[in-house]
Amino acid sequence: MQPVIIIVVCVAVAAFGAIVIARRKSQRRADEESAYNQGLNAMISGDRDAAIMHLKAAVRENPRNLDAYIKLGNLLRERGQTKQAIQVHRELLVKRRLPEAVRSSIIKCLALDLAEAERWAEVIESISSLPRGERIDPRMTVLLRDAHEKTGQMDRAIQKHKDLLKNAGPDEQPSLAVYRAHVAAIVLAAGDTAKAKAGFLGALKDDSMQAALANLYLGDMAASEQDTERAIAYWTRLLADAPSRAHLAFERLEKAYFDIGDYGRMLRVYEDVLSRVPSNVPALCGLSRMHERKGDVDEAVRMAREATKHEGSTALGHRRLIQTLVTAGRIDEAAHIADEFLARTTDEATFDRCPHCGDALGPAGWRCPSCHKWTDVD
Ligand SMILES: [Zn+2]
């Protein structure tokens, strides 16, 4: 063969090869882009499962696509797969040399994963590894506050809450008074009564109306110290300052007045509340109960009937009314009312349900254990 022909053939083969390689490369880039873009589109349309699938494909095709990894981890966290989310975000930090801003945003995602998994010591650790300027991000301050609270560092938690109020948090945050009271309730549950008492008193001093529920706890503490008079004073203040929580105070006041042999005073307590809020169901039920004890069944029934009109979904009025009728031997009447009531009832609510998610709130408090929203924020 002529050298010229050999050269021509070699050039042709090389050119063909180059074209094939270039095509494959651009094909791969297109696929990768499409998996990533499909992932983004699925996120926008709210289809998390599809988004996770596409982003997984995107990182398989290009392990250097950092943004796909970060988003994948966030989606896993939102779907409750916190362990996998932590793994994805942590691996990004371990292996790579990253620009400072990218590193910070990954650390923040990791902190959110860890908080979701309630690994609070690690939350503190990861936020501490952020540069100082990034730590004041309100989302991180919220996490840090919660982490200090969960690890029992209450003074630090309160300090973080103050920082948060200064810089306005990402969602609505309770006042300092409410937060102090919330912390005091946790401290009390842990058994430190002296510190809890100081916390509740501090909360009431900050804002006696917003933290009014603190009176309930202070009353309970006084009662456990056998100081019934002081307990009554606190519970009475709760009635005055937070009528929507009245049911909590009534039970306690009834028992306390009974203990000091002045049960009749309860009548005035109920009447006083009803003069201010005539539709207060627990007060109507309490008054009904008192009339029943005194043997005035008709008045007891009248009060209970009034309570059924305002009871909402609590069924407190009906319960009282039926009890009164049964005790009085008016069985047919009771059966009729029970029948009528059950026909249209759903056994949903009690007073102590979260206004945000509807879950039960458990012991009287300020923060929902299910959705972590604050219940006293207007
Ligand atoms: Zn809730």
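Both counts, for ligands and for their atoms, begin at 1 and track the order of listing. Positions are given from 1, in the same order as the sequence printed here. Hydrogens, waters and symmetry mates play no part in the numbers below; they use all other heavy atoms, side chains included.
- Between Tyr217 and Phe200, the distance separating the two ring centers is shorter than 6.0 angstrom.
- Every ring pair (Phe, Tyr, Trp, His ring centres under 6.0 Å) that Tyr179 has, sequence neighbours left out, goes to His161, His182, Trp374.
- Shown are the protein N/O/S atoms under 2.8 Å from the Zn ion (ligand 1), given by residue and atom: Cys354 SG, Cys357 SG, Cys368 SG, Cys371 SG.
- His247 and Glu251 share no donor-acceptor pair across their side chains, judged by distance under 3.5 Å alone.
- A salt bridge does not link Lys294 with Glu299: every distance from a Lys NZ or Arg NE/NH1/NH2 to an Asp or Glu carboxylate oxygen is 4.0 Å or more.
- For Thr193, the side-chain contact (heavy atoms from CB on, under 4.5 Å) partners two or more places apart in sequence, or in a different chain, are Leu188, Met221.
- Listed by chain and residue number, Glu254 satisfy the salt bridge (charged side-chain N to carboxylate O under 4.0 Å, His left out) test with Arg289 (two or more places apart in sequence, or in another chain).
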